[in-house]
There are 2 protein chains.
Amino acid sequence: MNPSSVPEPEPEQVEPLRYLSKAEAMAIEKELLEDYRFGQQQLIEMWGHACAVAVTRAFPLSSFTKKQPTVLVICGPEQNGSVGLVCARHLRLFEYEPTIFYPKRSQNMLYQDFTTQCEKMDIPFLSYLPTEVQLINDAYNAVIDAVLGMDGVQGDGKEPYASILATLKQVKIPIASIDVPSGWDPESGNQDGISPDVLISLMAPKKCAANFAGKHYLAGRFLPYDIQKKFELNLPDFPGTEHLLQL
Amino acid sequence: MNPSSVPEPEPEQVEPLRYLSKAEAMAIEKELLEDYRFGQQQLIEMWGHACAVAVTRAFPLSSFTKKQPTVLVICGPEQNGSVGLVCARHLRLFEYEPTIFYPKRSQNMLYQDFTTQCEKMDIPFLSYLPTEVQLINDAYNAVIDAVLGMDGVQGDGKEPYASILATLKQVKIPIASIDVPSGWDPESGNQDGISPDVLISLMAPKKCAANFAGKHYLAGRFLPYDIQKKFELNLPDFPGTEHLLQL
């Protein structure tokens, strides 16, 4: 047989990155918590740390034009808000100056502990969000949106979230949203919603991110290989010991 | 007044890095847990992750001479052992092939959860440690010592730790110890003890590390500034978003 007639091996099929439905994202989290026995505290810590690193990539200290490296972190009442609290704490250790706005504090002890960690680290908490958007534009270099995440639509129209979203639609400084931009549906997105410049997807991107045109970071290095396979996530390779990458 | 007669400002005094007594290390941890409301799960996750990154620096995959990037992680019954479990899990995600030896499993639910996370990720657990040291030298590229840590002396002479330490004294492959080399006193060290090639200090180095001649990594980025000041740790600056550095 003529070796030249041997058919070339098929190039290895690189399956495209999977964009998750809300049900799939919830199923993965359930499996991590129930089968793998991860703790919610542990997951929120890993996610928040990865988000802080992503913020330093999207907005390096050297890129800031204001005197102080200020960022405003707006935290919602549920898990997404706690990821924001952890993100703020690590940003402080990365020599940023985060300020937190956390209008509805949870009764959940775990979330309260994350709050105490920030308070004890002297991170300032705002008692209200200025309605005059120019004040926000002047005071901060960027906004981290950790308000509603996957629970986006539940906050729809309710206060204080309606006002927060109205404000975020008007700010001129860049916004980085954690997991799902606040007010967006995790699957269909929201054409009339806020327009973040940066999106940080946790574990795997949600369907709403498929056409996201800004800087998109994936923070997913901590997912066990079996879960990646089972849910056919087709995550890209993370370089070195990085736990996030830009898509 | 002649400006040239103005005395030069004193050069900023750089205080030397502090080496902690066991009591000081325990006081810091108590303050993190009780005042700052950090969770033990959260701290162990951060420490274990930092240890895994340190292992990749000390032993890059490219430095291994064996076919498989195997490492043996030996875990003790207490907190140091759980840091080892988290380290093993992240090493797996960094494409190492950890094997765990964990002879005395804790009844502590938190430690059990860290164990389950490793088991579900298909990290193999050894049922016994080969007494023939050559088998260890042949099978693994390095050993991670997460056996006794700060509780070193408590394990003194007791089984299975006496045998483990006897084995670790004989292995020819490099050893990386987490926080305090097993069997060492956290303050006075142990001249007859094991001789790790690498030491990964958590938060701040302990007194026993003052004359450590191997590669010494500090994993301490997560300490609030007020604690660093209160305990006069004089930690060096961590570059960028790194949470560890080589001393």
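Below, chains carry the letters A, B, ... as their sequence lines are ordered, and counting in each starts from 1.
- Close approach to chain A, defined as a heavy atom under 4.5 Å from one of its heavy atoms, is seen in B:Gly240, B:Thr241, B:His243 of residues 237-247 of chain B, taken by number.
- The stretch residues 74-95 of chain A places A:Arg89, A:His90, A:Arg92, A:Leu93, A:Phe94, A:Glu95 near chain B, each with some heavy atom under 4.5 Å from a heavy atom of that chain.
- Proximity to chain B at a heavy-atom threshold of 4.5 Å picks out A:Met109, A:Asp113, A:Phe114, A:Thr116, A:Gln117, A:Lys120, A:Met121, A:Asp122 from residues 108-124 of chain A, in numerical order.
- Residues of residues 41-69 of chain A that come within less than 4.5 angstrom of chain B, heavy atom to heavy atom, are A:Gln41, A:Gln42, A:Glu45, A:Met46, A:His49, A:Val53, A:Thr56, A:Arg57 in numerical order.
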